[in-house]
Amino acid sequence: MLDIDPRFRLEVDELDGQARLRLRAVADCSIDLEETFLLGGGFAEFAGLARAGDGWTAEFAEPSLRRYLVNGWQSWSFAGELGPHEYVPPSWVRRFRFFSQGPARPARRHGHLSYFYLGLLAGEGRLFLVSRNPGGAPLVFRADRHGRGIRVGFFAKGARYAAGDLVAEIRLFWREGGVAAKEAFRAIFAEERHFERLAFLGSGGRLVPGGYESWYNHYTDISEELIATDLEGLAEPGNLISEYYVGRGKPTVFQVDDGWQIRVGEWSADLGKFPSGMRALGEGIEARGYIPGLWLAPILVTKKCSVCRDNPGWILRDEAGEPVLAGWNPNWEGDFWCLDLSLPEVEEYLLATFERVVEDWGFRYLKLDFLYAAFLPGVRKGGGAAFEHYERVIGRITSRHATRGGKPVAWLGCGAPLESSWRHFPLMRIGADTREAWEYGVLKLAMHEGRPAAYANLLATIGRSVLDGTVFVNDPDVVFCREANNRLSPKEKELVGLVDFMLASQIMYSDGADEVRTPSVRAFTAGLVAAFDRLEGREYHARRIARDVFGITSADGAVRALANLSERAWSEPGEAWEGRAIVEHARRRRGLVFFEPHTISIYERNP
Ligand code: 9PG
């Protein structure tokens, strides 16, 4: 028997070989806690509902064999497989927690916490619980490592449910192997057909949107001149985008990131940096044949921005009437706040902002960043729950699928709560920023799980690959080819590029126009594109072999890769790694293969 909050009743049925659990309100009720308990039960009970085999149940019952596939709240949060004793603690620097922690109370030492879905893994068997309640309150799954089971909670403070209303819908399934588990995800979300509106970003088979973004080279230090140089240089032969996109006639994005605006919360051109204004910028990009893209953090405000000056009542506030802290960023004068989305004026202001950005300026690939702020606890003046306002306001903004002139528009979510976003942002950043360095020392010390660093970024790309092409078109962030302003070694750059290509979809690039004039950069780029071409046409799955060591296999078994993110060589029996090498950074000795640290080796089975 599952343990259920008496305000809700459970309906269980079967759909496409999965158990469907629907929870409805028994009577009218209002929710007044940040996190509300919904239901709980022992592992075996959930396994029974999912019809997991007895073998799996026995295997999972052995604590040392259990693994958990967890998913953090938003784009930058950790996601991946954890053993029974592994734990990703919240940063001890409170201001960094904004960039990864969700609304749930942190897991205690003896529990795993996962949003949106949770996977329980033993051997090849995978038991998944997945929330599928579009527009509903987001869920958290808590697994108790002592073996007591799973508890499910939801976040709906301020919501009211009428008798019979659907509160949550959970799909529960058991599958043998990663390929089958991913297919089950696909089945759950397929009927929504939310990828269709992204079709214009691709051509041919698999949707691999791509192009340029200004962030990972110039950062906020952009200007009309710099952007014009990169814009002109992007078509020059030899760089990743000209070779893989422009030269092959594929649609290509050119996206201007943070730094164009007066300040965060004041979304007009900084005329000191962009004297010709935003319309000229958008038109210039379109005239060169690219899809003009722009970054905004629409729900954030910084202290000196016009909204704070003119409409201080729009800021989300706490019970004492103080602005709710939404994070800290040295690029934006420190602490920042956010808007109260429950206010109709705020909603109209946001819609008017995007009317200008899309219709007047001509940008039609919009990267909406720092969306997690919509879920911060606070007193919403219009009443209701955070998720309801996010659903309505973000839903309205992203419902613009084309400009009035008929050109298609795409929306990319970033720093976004995943469960509440998939229908609005089929294109989604699924990890921390890549950054042109393997690690970010001080932020690692601060235990900032969403720190911009190639290592943290790779973990998420691998850890969220089950969502790629099923729930989202995963954006793993940028691939670097350049040598200037880059502390990644060629092997690390290759590792990032190939893991992104196999386990995610979008390929973005931030290098400057003159980089490819360096012969070694040109050669590196050509090698990467050649590897893309050999890897194309297959679907890949990741599995964790050991801490920071991952195996990647094509669904047909023909291609096998080993990604070693660890600091040491990793050895495997040699006979398991035969075939033609697509890339290899390994030594063979006495029947073993030693894979170098921070590298990927990929083998294709001889036909
Ligand atoms: C613009 C950037 C880029 C980037 C986004 C986001 O946790 N952090 O400290 C943290 C810092 C920056 C950041 C994300 C997290 O970057 O992901 O692509 O658009 O904003 O300011």
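In listed order, ligands and their atoms are each counted from 1. We're numbering straight along the sequence, starting at 1.
- Looking at D258, T220, T302 one by one, the single match for side chain to side chain donor-acceptor pair (under 3.5 Å) with W332 turns out to be D258.
- Of the possible polar contacts, one joining the N457 side chain to the P476 backbone as a donor-acceptor pair under 3.5 Å is found.
- Closer than 4.0 angstrom to ligand 1 lie heavy atoms from W76, F99, W215, Y216, D257, D258, W295, W332, K367, D369, F370, C414, R429, D433, H448, G450.
- When the salt bridge (Lys or Arg N to Asp or Glu O under 4.0 Å) test is applied to D433, the partners found at least two apart in sequence or on another chain are R429.
- Residue pairs satisfying the ring-ring contact (aromatic ring centres under 6.0 Å, His included) criterion with at least one member in residues 475-508, sequence neighbours excluded, are listed as follows: F501-F532.
- Sparse packing is recorded around CZ of R94, with 12 or fewer heavy atoms of other residues, nucleotides or ligands lying under 6.0 Å away.
- Residues in residues 283-299 take part in these side chain to side chain donor-acceptor pair (under 3.5 Å) pairs, two or more places apart or across chains: E286-R364, W295-D369.
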